[in-house]
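Heads up, the thing below is written out as structure tokens.
Predicted, not measured: the structure shown is a model, and the values here were computed from it. Atoms within a ligand are numbered from 1 in the order they appear, just like the ligands themselves.
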Amino acid sequence: MEYGPAPESTKEAQAWLDQHGRSFGLFINNEWSAAGELFASINPADASKLADLTQATAGDVDRAVAAARAAQPGWQALGGHGRAKIMYALARLMQKHARLFAVLETLDNGKTIRETRDVDLPLVARHFYHHAGWAQLQAEEFADYRAVGVVGQIVPWNFPLLMLAWKIAPAMAAGNTIVFKPAEFTSLTAMLFAEICVQAGVPAGVVNIVTGDGRVGEAIVTHPGIDKLAFTGSTEVGRLIRQASAGSGKKLSLELGGKSPFIVFDDADLDAAVEGLVDSIWFNQGQVCCAGSRLLVQESVQEKFLAKLRARMDKLTLGSPLDKSMDIGALVDPIQQQRIAGLVDSARAEGCTVYQPACEIPANGAWYPPTLITGASTSAAVAQAEIFGPVLVAMSFRTPPEAVQLANNTVYGLAACVWTENISLALDMAPQIKAGVVWINTANQFDAACGFGGYRESGYGREGGREGMYEYMTALAEDARPAAPVQPEQGKAKAKATLATGGGFAIDRTAKLYIGGKQARPDGAYSRAINGVDGSFIAEVGEGNRKDIRNAVEAAHKAGGWSKATAHNRAQVLYYIAENLAARADEFAARIAAMTGDRNAEKEVQASIERLFYYAAWADKYDGLAHQPPMHGITVALNEPIGVIGIVCPNEAPLLGFISLVAPAIAVGNRVVVVPSEAHPLSATDLYQVFDTSDLPGGVVNIITGSADELARTLATHSDIDAVWRHDGSAAGCAEVERLSASSLKRTWVGGAKGRDWYSTAQAGGRAVLAHATQVKNIWIPYGV
Ligand code: NAI
């Protein structure tokens, strides 16, 4: 049956544009500035001009930040209920004007009206409703947190209004004020949203919108008045933002690119999987960060599945996005079309088979037909690069382990789909796939209650749900941190230190490194002298170098079984370490006293034992959540270990600082490569024997002594380390770690120059610390269907 055209009217949207003279200034402090230097906003479906927008200047960004700063205390003081009422009003107004928003979005972006009307707008409203709820509950549910302050938010063009909602709703709910930049291709719905903010009673300065290209983004990123940055866009720009904000103390969340696998097993409902694939790769012309752009299909059903897929592709309709019967609309801009065509042409030239259904491509605008590529090697550009277009690359696998290996064979880790009727197989695959979101027998599902975000180079931080709220808050304990590292009380310890040096430890002993559960000589065969507080020599420690770190990382990777051990078992090992440390408490106290002159060294040992108990207690209690989105399913949000973490420990409290960082990391299943206090490393090297007698598997904790700066640099640039923590009080060192982490987009947790009271459980414990040691995976599972 053929359908006739069913165009959606653009009358209201055109009238709205006319009403604004088709020219927009900036929205700052609830006022529209006069238009400045202008650039055109084009309808990509027919290349017609829709309106002119203002390229904001650095001075405009300044004004926006100042307005946001001035408004923040008042917005906070409105309280949860005050903010909830305004956000609820926003949600209602978004619903009321949903059709106008949907048409405007389709005109501006080129995506089909079916999608803007049925997907984007309902999700936008749902986001504001859901987060109005978090505003209401904030004081109760996040009592130990406060708003971060002023947040800068930069979004791409693929879901202009939905990305706005994802960013602005949680920020507002938590009590922040906002400087928001839409993408230069698609700013119009943000302009309409600004008007809705005024109608909803959002106080002046709470939401400020500045338009323009990447230069405006840079001005936001580098502005000293911004406390937190949230970015969605390309991995390349994400990397630049990480570098540009290193050392600034700004909180950062990055939602970047992907090359997500869509895995079809031979027992899957193949017809349903084909429909899932349509939603996965041809939704929004494939301009979706979590698009299922790599089809991995089990060899035994490959031909059958691809035949069904080609037949389905033949039926996809491409044409005017305003036509309600169209499946595929326009790309955002001719520049994207050229990029996509270039990648597909290169695949063709390399001998791949390219299938495109015969469809009529409109004469004007930016278009690309649905495309299936077969015969590509796993390392081909089309199999590795984010194409961000309607292009699917298909490959086959034989066994589930091969599927896992192929699924994880990119630098990304945003999302994955698993299709099988075998629940055991699906739930066996989910934990093995490195991705922040896993959809089982479904695809591209999103909800305000569920966290979304990546692993690896797909970025960090989560948007949506409880986990997303934390991105816009600061733990109150952070405010209580001392201005400089806490120094131990020194004094009488001298006598004790001498006693310890002479009594407990052999003077000529050289502590080795600890790699893979064994003591290892440093590769360079150098060592450094460690002197006590009275200047007398205590012992030597190995001078670790790049090669030692490499060996330690290898050992840590081999100890992957630790991540799969039960939380109960990990807790047992931590308790056992505490028990063995307690048995040698006097010796450890004497050592601390000798190194630091701390007269309360016994207190530090006791606090370390307690901290081990504390994280042993948490090991099996840092549970995930089961979200209940409005679909026939549940979303299980699991806290997974990050992998291998490099840790640079503080100099103050050399034992307690070490334990306070290593214990939470390993409690949740990470393996660590630790650089102990550079000045006082012997408490860590004395732990080797404690570890050896505590059932800690080799490779879970690896210790490399030496120069903190040099070793931190190596940790931050090592491609097989997933996160780096640095807490030795070096502001420059912390900034360097953040900057260098950009190369492979490692997660970082740095203390900067500010100290931390390691004795305080509020500052060295709690969920905020465990969150640094984990990343949330949201697994969508059909349930109660
Ligand atoms: P982009 O990452 O350059 O742009 C995203 C946003 O960042 C825009 O608002 C832009 O103005 C801003 N921006 C650009 N340079 C900046 C800088 N130096 N500092 C701060 N902000 C900056 O993405 P673009 O150029 O629009 O698309 C290029 C490719 O990026 C796409 O083909 C696709 O592969 C990928 N992409 C991925 C997205 C995702 O959600 N994963 C979204 C958009 C693009």
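- Using a 4.0 Å threshold on non-hydrogen atoms, atom 4 (O) of ligand 1 does not count as touching the protein.
- At under 3.5 Å, a nitrogen or oxygen of Gln336, whether backbone or side chain, sits near a nitrogen or oxygen of ligand 1.
- Under 4.0 angstrom from ligand 1, the non-hydrogen atoms of Glu184 all belong to its side chain.
- Between the side chains of Gln356 and Thr371, at least one donor N or O sits under 3.5 Å from an acceptor N or O.
- Distances from atom 36 (N) of ligand 1 to the heavy atoms of Ser234, Ser458, Ser245 show the closest one on Ser234.
- Test Phe452, Phe231, Tyr472 against Trp166 for ring pair (Phe, Tyr, Trp, His ring centres under 6.0 Å) and you get one pass: Phe452.
- Between Thr232 and ligand 1, not a single N/O pair is under 3.5 Å apart.
- The protein heavy atom nearest to atom 21 (N) of ligand 1 is Gly217 CA, 3.5 Å.
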Side-chain donor-acceptor pairs of residues 24-33 under 3.5 Å, sequence neighbours excluded:
| residue | atom | partner | partner atom | Å |
| --- | --- | --- | --- | --- |
| Asn29 | OD1 | Gly205 | N | 3.2 |
| Asn30 | ND2 | Val202 | O | 2.9 |
| Ser33 | OG | Leu26 | N | 2.9 |

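- Below 3.5 Å of separation, one finds no N or O of Phe231 facing any N or O of ligand 1.
- Considering backbone and side-chain N/O of Leu256, one or more are found under 3.5 Å from N/O of ligand 1.
- Within the structure, side-chain hydrogen bond (donor to acceptor under 3.5 Å, both in side chains) pairs that include any residue of residues 214-223 comprise Asp62-His223, Asp213-Arg215 (at least two apart or interchain).
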